[in-house]
Each structure stands twice: as C-alpha cells, then as structure tokens.
2 protein chains.
Amino acid sequence: MFLPEGKKAARQRLIIAELGLHPAVRTSALARRLGVSTETVRRDIEELTRLGLVSRTYGGAAGRQLGLQPEFQDRDSLAVEERDAIARKAVELVKPGDVLMIDSGSTTARFARILAQAVEQITVITNCFAVAHSLVQGSGVRVLFCPGDFSVRERGVYGSETCAFLQRFNADIAFIGASGLTVEGPTDVETQACWIKRTMLDRAERGVLLLDGTKFDRRHLELVCPLDRLSDVVTDRHPEGGLAVRLTRGGVTLHVASSVTQPEHVDPA
Amino acid sequence: MFLPEGKKAARQRLIIAELGLHPAVRTSALARRLGVSTETVRRDIEELTRLGLVSRTYGGAAGRQLGLQPEFQDRDSLAVEERDAIARKAVELVKPGDVLMIDSGSTTARFARILAQAVEQITVITNCFAVAHSLVQGSGVRVLFCPGDFSVRERGVYGSETCAFLQRFNADIAFIGASGLTVEGPTDVETQACWIKRTMLDRAERGVLLLDGTKFDRRHLELVCPLDRLSDVVTDRHPEGGLAVRLTRGGVTLHVASSVTQPEHVDPA
DNA sequence: CATAAAACTTGGAACATCCCACATAAGTAT
DNA sequence: ATACTTATGTGGGATGTTCCAAGTTTTATG
C-alpha cells in the first residue's frame, strides 16, 4: 500500500491545518472537535512534536514559529534529531570564507540553523525564507536572498527570475535537498524547485545533496540531474544495492552521519 | 521624554524576545524568570495580545505564527483594530489588474493581509516577507519578491540589489510606511529602508503613505522624500496645524479611516 | 478464526492555571 | 506634600490539564 492514511493521520493533519490558522490550539477543543478523548489528542500532539511539526504547550500545541510550513510529503521523514545529525555532518564541509548556495526544504533549513552557530564569515545565497531567517541569527553570515515568484508552500521564491539571478554568481558549495534518490540521480516532485536545484549545482564547484535514508530509491516526477553531477551526499544511513555501487562509481563522496539515538535491542554486556 | 521604558516595557520585551526563540512560553516560567507574580505576567501577555504582538494560550503565550517580528520601534503605535482601519481605507485605492509595490513595515503588512481578501487579479512587488506571505493566501494575487541582503529585523531584503531590481518595473501604486511624517515629508530611522521607499515611489504612478496619527510631526534620522512627492496619505486621524496645510498645498489627497472604536467621553445627547 | 498488537477510552488523584476582588506599592500631576 | 492614577502582589475557589493505570475497542496477521 502507498499511504495507510488511517484516522490517526487525518486527525494529525487537522491539527496541523488548524495550527496554520491559529497560532495555538487547545487539547480540549481539539478533542471535542475530533470526537475523541483528550488523551488521544495528547498522544497525537506528542507524536507531532517528536517529528518537529508542532510544539507542545501546556494546554495544547503551538506551531513552530518559523521554518517551514508543515509539508505533508515529509510527514514520513525523520525526527528532528536525525535531521540534525545530517546537518551537523554537512557543516563539516564548510570553511570560513566560503560562498554557499542553499536550496529550500526541511533538511536544508535544519542545516542552515546549525550552520549559523558553527561557521563564521560566510556568504549564503538562498531562495528559501526559512534558511535566510535561520542564518541571520548568527553574526558572521551575509545572506543574499533571490528574487522570484513567491510560494507559500515552500516559503520561498521560484521561477525564471530566481534562476537568472543565481546565474550571476559563483559559489563554492551548493547544498540541495530532494524528495528521492535513485541510481539515476536525485528526484523531486516540483518542477519549479528542480530548476533551482539545477541552477545552483551549475554555479557551484561542489554539489552536496542532503537527504535522509528513507528517501533512497524513491522515484518522483522529475529527475534533478544525473547522479555523477553531485560531488557529495550527506545522509544518515548507508545506501544498499545498486545505489551504493553507482555512488562510488560516479565519484560521489558519501558522508554518513551517526545519529545520537542509541540502537535498540542491545543487551548490556 | 522620548521613551518611558519602565520595568513593564522591559518585561514585555523579554517575553517577545523569548517568543523569538521558542514557539511558546509559559506564564509560570516567565514569572519565575522575571521575579514577578504570575498575575503580572498574565496582565503583560494580555496587553501584548491586544497589540497583536503575541497570542494568548492556556498556560502562557505563543508567537503569532507568521507576519511580523515584533518591531520595537512600533511598540508605541496603535492596536490592531486601528491599523486595520487604515488598511481597509487604503484597499479602496486598489483596482483589479493593478501592479503594486509594497514596502516593509507593520502597517503595510496589515494592509497586505486585508488586501489579499479584498482584491483579485493584482500583482505585488515587495521586499517584505510578511507582506508576501499574507498576500499569497489570497488566490488572485501574484507576488514578485525582490532580491537583496536579508535582514531579520524587518524580515525583508534591502540594499542595492533590491533597488536595482525595483528599477526594472513600473507600478500603478506604491504603498509605503514611515516612522514619522513632518511638514517636510515622511521620515524614517533606517537608511536602507529609505532607499527602498524612494525607489518604489519613483517607479509608481501614485505614491501612497500609510501611517497612524501618532506619527504626525515626528522627525527621524532621514527624510524619505519631499511631502509633495506623495499622492495620497491614509491615516486614522486628521492632522493639525502646519502639517494639514502643507498636505493640501502640496496636492496630497488625505484619506482618514474611521476607526471602529467609539469615541470616548461623549455624553448621550 | 483466534491471537496479538496497536489505538483508544475511562476514571481519578495531583497539580496548574484562571479569574476575581481587594490590598499594597510606585509613579505622576496638582 | 497630597491626591490620583497606574502597576503589582495576595489569597482562594472554580476550572482545566496532566499523568498513570487498567480496561475496551479496533486493526493487523498467521
């Protein structure tokens, strides 16, 4: 099956939708509205909190303040800690003085947040508001924002204005995300977003793909670029089978982040 | 005096700052941290809620989800209802099919939110994230976002990239805000922001200034432009003295919004 | 169909918050 | 200084939330 989509998922989707309208929701109100017990709502909120989609409050939940709109396509992706592990690993690739291009996406946004605290004296060109906002918190970062047609979905800009702008610059590294990674290369669902990724890869010396292991071998609407166009892939799990082979054959450096989470089912020695 | 800046203001500033870091805060925690009673914190939150700066929740407060970062320079300005009255009045100036340029600022952001629900088939060019975000919620609005150096303070972009971009376009109306309005013209505290305003006024047929009556006769660091460069001023109170005279003499159309709030101290006839 | 796992409800004790009215303190104007 | 306004603290009853544990329903699976 593709999406289980039980009642639970529907409930949690409503909670997030509600949080898009109001800055905070209350457990009791949600329980009445959904026709379930408050205890169930509480568990839902707890779950959404672990995924980093909402933030728990005393009587209910609040939306994460900035960062991305909840993207449902990412609902099945990893929890915050795992995403952060990837981000921390990716930060190691950046040197002071670098000029970076950063794509929009949930993983790249976490990356930006961690980057801001870790590195100094860098310039970042981005089309994503969440990325820009996270970065400027840090002191030694200059953020150049792209022009373009504004999209709420991704909280960023797209279109030919954006690409034309990017063409004017040369960067050391481009950090991009993707919805999937197959033996052919990274894939994504949005044509608009693909063009941004392609342009960033074109204008940077190194092209780094950030994505979590759940996205291996997922084929989406559009192929971003051939696999060997990437110089690095940062992820949290070793790929298997054909994908692993093609990566090494294509000269792509693989960086695997070790998640902080302890492996389960380990008996004390 | 310029700014009273008592203990209360400091407390409320901290609450907002905290809300910039976490999506929600708790009354009890704030009370401990600030060394005041929970009742005081509750009253602070209530006040900030009326100003539209935070959103009250069961055990504390949450940040308003999107929209503006609290701008401290605007702390003394009007409550939401008054700002909305100005915005509603300003919307009347817009026709379907218009191309608008909209500046960053708290008043223009409220304007954008109301504009999105009221008008169809318009194109908006802006340098402000809050404005862009509010507008795209509406269906028939295309938002073109400017490039530039990103600033968290105003949640927007500034600098020569931004101005150069704006120069490429022709608009029907430019809507700008300001920190003050004197007989010489609108004034603002930020040089960067002034350049954006000037460029927008240059590229538009009509130049509309939105500002509330508390800002009359306030002189700030920089003069944006001469008074007669504006074609309209939308506000919530009739200006007095020299300012009123100069406005009519300069050919500036004045639009005064009637606030919903009842005038006080009026005896029933 | 039987069984196991997961999801949900219920009930109650412990604890937090809310709100009100009133008392006290601080700051401001006359 | 005195009166006035504004800001803050206190106490307690009503209300709401959390957390836990046990019981029930639903769903998945061999």
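Here is how names work: the chains are called A, B, and so on, in the same order as the sequence lines, proteins then strands, and each is numbered from 1. Hydrogens, waters and symmetry mates are skipped; everything else that's a heavy atom, side chains included, is used.
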| Between B:Phe175 and B:Phe111, how do the two ring planes meet: parallel, tilted or perpendicular, split at 30° and 60°? | tilted
| message | With rounding to the nearest 0.5 angstrom, report the OG1 to CG distance, B:Thr214 to B:Leu181. | response | 11.5 Å
| said: Rounded to whole Å, how long is the line connecting atom CG of B:Leu34 with atom P of D:dA7? | reply: 16 Å
| message | Apply side-chain contact (heavy atoms from CB on, under 4.5 Å) to residues B:Leu254 and B:Val252 and explain how you reach the verdict. | response | CA-CA 6 Å; B:Leu254 185 67; B:Val252 181; over 6 Å; no
Under-3.5 Å N/O pairs linking protein and nucleotides 12-16 of chain D:
residue : atom : partner : partner atom : Å
D:dG16  : O4'  : B:Tyr58 : OH           : 3.0
D:dG16  : O3'  : A:Arg26 : NH2          : 3.0

| request: Using atom CD of B:Gln12 as one end and atom C1' of D:dA7 as the other, report the distance to the nearest whole Å. | output: 11 Å
| note | To the nearest angstrom, the CD1-P distance between B:Ile45 and D:dT8 comes to 13 Å
| query | Between C:dT17 and B:Thr38, is there an OP1 or OP2 to side-chain N/O distance shorter than 4.0 Å? | reply | no
| query | Got a sec, which residues hit salt bridge (Lys or Arg N to Asp or Glu O under 4.0 Å) with A:Arg32, two or more places apart in sequence or on another chain? | reply | none
| task | Write down the distance between CZ (A:Arg42) and C1' (C:dG11), rounded to a whole number of angstrom. | result | 14 Å
| note | Out of D:dC19, C:dT9, C:dC8, minimum distance to the side chain of A:Ser37 belongs to C:dT9
| Nearest-nucleotide 5' precedence on DNA chain D, A:Gly59 against B:Arg11 | B:Arg11
| task | May I ask you to decide if B:Asp212's main-chain N or O and B:Asp236's side chain share a donor-acceptor pair within less than 3.5 Å? | result | no
| Counting only N and O atoms by type, is there a donor-acceptor contact under 3.5 Å from the side chain of A:Ser151 to the main-chain atoms of A:Gly156? | no
| message | By the definition side chain to side chain contact (heavy atoms under 4.5 Å, CB included), identify the one residue from B:Leu211, B:Val208, B:Leu243 that meets it with B:Val233. | response | B:Leu211
Show each protein N/O and nucleotides 25-27 of chain C N/O combination with a separation under 3.5 Å, one pair to a line.
none

| task | Give a yes or no answer on whether the side chain of B:Ser28 reaches the backbone of B:Thr38 with a donor-acceptor pair at less than 3.5 Å. | result | no
| note | Taken to the nearest whole Å, CZ/B:Arg43 to C1'/C:dC22 is 12 Å
| query | Separation of B:Glu46 atom CD from D:dT6 atom P, in whole Å? | reply | 16 Å
| Under 4.0 Å between a Lys/Arg side-chain N and an Asp/Glu carboxylate O for B:Arg43 and B:Glu46? | no
| Nearest of C:dC19, D:dT8, D:dT17 to any side-chain atom of B:Arg56? | C:dC19
